[in-house]
Amino acid sequence: MLSKSAARLFFLVGTFATTVAFVALTVDTLRQVPEQTNEAQLSPAVIRGKELWESNNCMGCHTLFGEGAYYAPDLTQVYERRGPAFIRQMLTDPEGLYPGQRRMVTYAFTQEEQDDMIAFLEWCSHVDLNGFPPPPTVGVATAPAGAGAVAVPQVYQQICSACHAVGGVGGQVGPALDGVASRRDADYLRRWLEDPLAINPKSRMPKMPLTPEQLEEVLAYLSTLKAGEPAP
Amino acid sequence: MKFKSQRVAYWFFATCMLLLTLQIVYGIIMGFARIGMDGLHPVIPFNVARAVHTNLLVMWLLAGFMGAAYYIVPDECDRELEWPKLAYVQLIALVVTGVTAIIGFHFNWWEGRKFLEIPRPLDFLVVVDVLLFITNIGITIWKSKRITTTVSVLFFGLLMAALLYLPGMIPFDNQTVDSFFRWWVVHLWVEGVWELIMGGILAFLLIQITGVDREVVEKWLYVIVGFTFLSGILGTGHHYYYIGTPRYWLWIGGLFGALEPLAFLGMAIYGIAMYRRGGRNHPNQMALLWTLTTCILSFVGAGFLGAAHTLPQVNMYTHGTLVTGMHGHLAFWGAYACLVLAIITYAMPQVTGRKRNEDASASYAFWASNIGMLAMTVAFGIAGVAQVYLERRAGMEFLDVQRELEVHFIGLLLAAMVFGSGIAAFIYNFIRYGLPVAEPTGPADPTRRSSDEADGVVVPEPAAGG
Ligand code: HEM
Ligand code: HEM
Ligand SMILES: [Fe+2]
């Protein structure tokens, strides 16, 4: 049978060997990380953004690289998913963007601080995470399909789909936009997007930060969403 | 209780009771926020509640480990603690630091790194405090004539836990490197050195309660902590899959992470085997129940539920979802919370000289808290699996998925009521024991044969009653 001293030897040798291996791998990892994370792009703004991220404990609600709390969306890809304008809006008036939903803290960031935070989130979105987050695998579309010749504009996917669904895909804060081109005429849609609050002062849809080109793109897309013609 | 200075343990245990209560209050605040009842949001937003909840957990477990060490070390080393007064100072300093941190969280003063939220200036106080503790027990052990394996494993665990706190204090500009070293604390604590502390405390309890020969218990202790480090150190890799570190961690973390449950399985088999082997019918059956529960639930929560998401293919989908939350609850409960409650249940009749371990409140506490926690785990688990499917596999929007999950959080809150009532009963029982006695209640053991020590024998109820 195993003796106590043999058991002790097993403990000491095992611990020593794995510790040595772990330290060696750590050294190698630290050597490779600068390239994998684009450390060259760690600008002062990104570093200031990280400090803001920590001093406000955003990780106490959100995950980043899949680490943190499970109360709010993962922000690893938020720069790609929503774009800078949306993030800025979230950091100014989160309840305006998600009325009546689970609440985020309203921060009193300056313009520069918002820029820093956005720079940090942009840097994070470019880190090579070995494939995380994974693309969905079950047969549900991830983005609303474009009808006919008009592709879904990027700004629609980033901003509008947070609140609106088309073909069952997207948020549920506002009404689904299937068939909206049959419900509303083009002029109404234009006025609505220019300033929802001018048409309905009680609207829960905030005025969107769209450039004139983006506005045209979105309107062209909306005009394809006709009743009885499910998005292909 | 053989030595007068073992009494200090009582005050550490009392601190545990207080911090545990507060921890549960903040857990319930989060539970309600998740079903849309977030009226406290302006004062206690979710991130504050969460930081308080998890930091209180770590703090009361550390207080429990310290109390356990102050109880066990004199007993094993056959001498009084070197500086009992220092132990009180150190406890007060710990509580003051902790409470300052908790209050600071409410005012947005923190470091914002999960589990290591305590602001850096306070980190230094924590380190000083822990060093005082380590010195106190270290000198006590050093000066004693016998150093048992149990006590050296316990001491080594505590010392390493203190040292491993340091990598978490170094600031880094790169989020990936930051996270890399955060795991040196978080993972290497719970799946490394804390298991040594656990092994040491369990060995002490098993020797005392079952009366199995020390040689046998301690030999297997080496084997188990050997497996812990063999798998646990490189097993850190199971946190390095998707944070921007090289791909080879998928292999290393996957392989060694998958071996980690063996150490917990060993712990479970060890506890049960020693119990069946031991002929002694110890009067404190409640302590035995908690000890065996620690062995078994640590395997279920850490080993089994950890294994469920440790492979990189699975972790790709479960990483950062409520599945992790499910595992976190039962692992911390089964391995460390139950362990601290076991040593408290064992030590209380000895330090207070009153026998309250057979009270109805003690057995209600045991059953309600364990059943409640298992039910909470199920609620988290169902919510987690649903989240993985809807959000990660089907690509639904985060908030839409969360709305679907609310019903499971109603279940969680119901389970939390059962759990909370169990903890309330435990604390009621704790208070009924009364304060510690002034003088030792059992004779010091001259024979060193633990299996026939007198300390386990029923202590007569003092005439005054408790
Ligand atoms: C008593 C021992 C254990 C405790 C207290 C514990 C606790 C925890 C906690 C609190 C987390 C979340 C950490 C964070 O995100 O900062 C976590 C994550 C994790 N644990 Fe454990 N654990 C234990 C043992 C194990 C074991 C033995 C395994 C593997 C077999 C395991 C596998 C994992 C994995 C893979 C994750 C990462 C989950 C993710 O990617 O989100 N754990 N554990
Ligand atoms: C009344 C009972 C409790 C309730 C309602 C509760 C609820 C919660 C909630 C809602 C979270 C946050 C999950 C998220 O980020 O969304 C959490 C985190 C956590 N709780 Fe509890 N909790 C309770 C008791 C406990 C106990 C007794 C323990 C320890 C034994 C514990 C350990 C933890 C840990 C380790 C985490 C972090 C998990 C992770 O990051 O994966 N909780 N709890
Ligand atoms: Fe781990």
Side-chain angles (χ1 to χ4, degrees), chain A residues 2-4 7-8 10-11 14-15 18-19 21-22 25 28-30 32-33 36-37 39 42 47 50 53-61 63-74 98 101-103 105 124 127-134 136-138 140-142 162 170-172, chain B residues 33-34 36 38 41 45-48 50-51 108 110-114 117 149 173-177 179-180 215 218-220 222-223 225-226 229-230 233-234 236 240-250 252 316-317 319-322 324-325 389 392-400 402:
Chain A
L2 182 75
S3 70
K4 189 167 164 182
R8 187 191 297 130
F10 164 72
F11 166 67
T15 304
T18 49
T19 306
F22 186 61
L25 286 166
D28 185 68
T29 299
L30 293 179
Q32 295 200 34
V33 158
Q36 192 166 351
T37 62
E39 214 170 82
L42 270 183
I47 294 171
K50 178 173 182 284
W53 172 264
E54 281 174 9
S55 61
N56 290 288
N57 194 12
C58 307
M59 225 188 216
C61 289
T63 46
L64 182 69
F65 299 172
E67 285 179 12
Y70 321 122
Y71 190 65
D74 186 76
Y98 287 100
Q101 303 283 305
R102 195 175 269 186
R103 282 190 280 178
V105 176
C124 288
V127 174
D128 173 5
L129 297 181
N130 300 333
F132 182 84
T137 50
V138 184
V140 175
T142 53
Q172 293 173 5
Chain B
R34 279 188 155 280
D38 64 348
H41 174 82
F46 190 87
N47 56 346
V48 171
R50 192 183 209 281
N108 209 20
W110 42 23
E111 230 177 86
R113 296 151 74 226
K114 188 181 178 186
E117 286 93 347
T149 301
D173 289 338
N174 186 324
Q175 179 68 24
T176 296
V177 182
S179 166
F180 186 88
E215 280 298 303
E218 292 184 341
K219 175 175 83 184
W220 290 107
Y222 269 129
V223 175
V225 296
F229 278 167
L230 202 59
I233 294 176
L234 286 171
T236 318
Y240 296 160
Y241 301 151
Y242 307 120
I243 62 166
T245 39
R247 248 178 196 283
Y248 52 68
W249 286 111
L250 270 68
I252 296 167
M316 170 73 109
Y317 292 97
H319 183 42
T321 63
L322 290 163
T324 311
Y389 272 89
R392 295 279 167 87
R393 302 206 69 127
M396 268 171 77
E397 287 282 326
F398 179 88
L399 281 178
D400 297 339
Q402 294 294 312

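Chain letters run A, B, ... following the sequence lines, proteins first, then strands; residues in each count from 1.
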* Could you pull out all residues at least two apart from A:Y71 that satisfy side chain to side chain donor-acceptor pair (under 3.5 Å)? => none
* **Heavy-atom proximity to chain B below 4.5 Å, by part of A:L30** => side chain
* side chain to side chain contact (heavy atoms under 4.5 Å, CB included) assessment of A:V33 paired with B:F180 -> CA-CA 10 Å; A:V33 158; B:F180 186 88; over 6 Å; no
* **B:E111, part contacting chain A, at a heavy-atom distance under 4.5 Å** => backbone
* Structure fact -> Note: vs chain B, highest number of non-hydrogen pairs under 4.5 angstrom among A:C124, A:A162, A:P133, A:A69 is A:A69
* To do: Drop me the distance from B:R113's CZ to A:N57's CG, to the nearest 0.5 angstrom.
  => 11.5 Å
* About how many Å separate CD of B:Q175 and NZ of A:K50, when rounded to the nearest 0.5 Å? -> 5.5 Å
* Interface moiety of B:F398 toward chain A, non-hydrogen atoms closer than 4.5 Å -> side chain
* Asked: Looking at A:M59, A:Q32, A:R8, which one has more heavy-atom pairs under 4.5 Å with chain B than the rest?
  -> A:R8
* Asked: Checking B:L399 against chain A: side chain, backbone, both or neither under 4.5 Å from a heavy atom?
  -> side chain
* To do: Quick one: do B:Q402 and A:Y70 satisfy side chain to side chain contact (heavy atoms under 4.5 Å, CB included)? Show the steps, please.
  => CA-CA 10 Å; B:Q402 294 294 312; A:Y70 321 122; over 6 Å; no
* Please state whether the side chain, the backbone, both or neither of B:D400 comes within less than 4.5 Å of a heavy atom of chain A. => side chain
* Most contacts with chain A, counted as non-hydrogen pairs under 4.5 angstrom, among B:Y317, B:F46, B:Y389 -> B:F46
* How far does CG of B:L234 sit from OG1 of A:T18, to the nearest 0.5 angstrom? -> 5.5 Å
* Are A:R102 and B:D38 side-chain neighbours, meaning at least one heavy-atom pair lies under 4.5 Å? -> no
* Flag the one option from A:Q172, A:Q101, A:R103 with the top tally of heavy-atom pairs under 4.5 Å to chain B. => A:R103
* Can you check side chain to side chain contact (heavy atoms under 4.5 Å, CB included) on A:L25 and B:W249, steps first, answer last? -> CA-CA 9 Å; A:L25 286 166; B:W249 286 111; 3.7 Å; yes
* Which atom names give the shortest non-hydrogen contact between A:P136 and B:A394, and what distance separates them? -> CB-C, 4.0 Å
* Structure fact -> Given A:S55, A:G14, A:A21, the one with more heavy-atom pairs under 4.5 angstrom with chain B than any other is A:S55
* Structure fact -> Under 4.5 Å to a heavy atom of chain A? For B:P246 that would be both
* Side chain, backbone, both or neither: which part of B:R392 has a non-hydrogen atom closer than 4.5 Å to chain A? -> both
* What orientation do A:F22 and B:Y240 show, parallel under 30°, tilted 30 to 60°, or perpendicular over 60°? -> parallel
* Engaged part of A:V127 at the chain B interface, taking heavy atoms whose separation is under 4.5 Å -> side chain
* Using a cut-off of under 4.5 Å for heavy-atom pairs, which of A:D128, A:T19, A:N56 has the most such pairs with chain B? -> A:N56
* How many angstroms lie between atom CG of B:N174 and atom OG1 of A:T37, to the nearest 0.5 angstrom? -> 4.0 Å
* Among B:L230, B:L250, B:D173, which has the most heavy-atom pairs under 4.5 Å with chain A? -> B:D173
* To do: Among the options B:S179, B:G36, B:A51, B:P45, pick out the one with the most heavy-atom pairs lying under 4.5 Å from chain A.
  => B:S179
* To do: Taking A:N130 for its side chain and B:T245 for its backbone only, find out whether a donor-acceptor pair lies under 3.5 Å.
  => yes
* Go through B:R34, B:E397, B:E218 and name the one with the most non-hydrogen pairs under 4.5 angstrom from chain A. => B:R34
* Structure fact -> Interface check, chain A: of B:G325, B:G226, B:G244, most non-hydrogen pairs under 4.5 Å belong to B:G244
* To do: For residues A:K4 and B:T149, report the shortest heavy-atom separation together with the two atoms involved.
  => NZ-OG1, 3.0 Å
* Heavy-atom distance under 4.5 Å to chain B: side chain of A:F10, backbone, both or neither? -> side chain
* Please flag which part of B:Y248 lies under 4.5 Å from any non-hydrogen atom of chain A: side chain, backbone, both or neither. => side chain
* Winner by heavy-atom pair count (cut-off under 4.5 Å) against chain B, out of A:G68, A:G170, A:G171 -> A:G68
* Asked: At a heavy-atom separation under 4.5 Å, does A:T63 approach chain B through its side chain, its backbone, both, or neither?
  -> side chain
* Verdict with reasoning, B:K114 to A:E67, per side chain to side chain contact (heavy atoms under 4.5 Å, CB included) -> CA-CA 8 Å; B:K114 188 181 178 186; A:E67 285 179 12; 5.6 Å; no
* To do: Grab the two heavy atoms, one from A:L129 and one from B:I243, that are nearest each other, plus how far apart they are.
  => CD2-C, 3.4 Å
* Asked: In terms of heavy-atom proximity below 4.5 Å to chain B, should A:T15 be classed as side chain, backbone, both, or neither?
  -> both
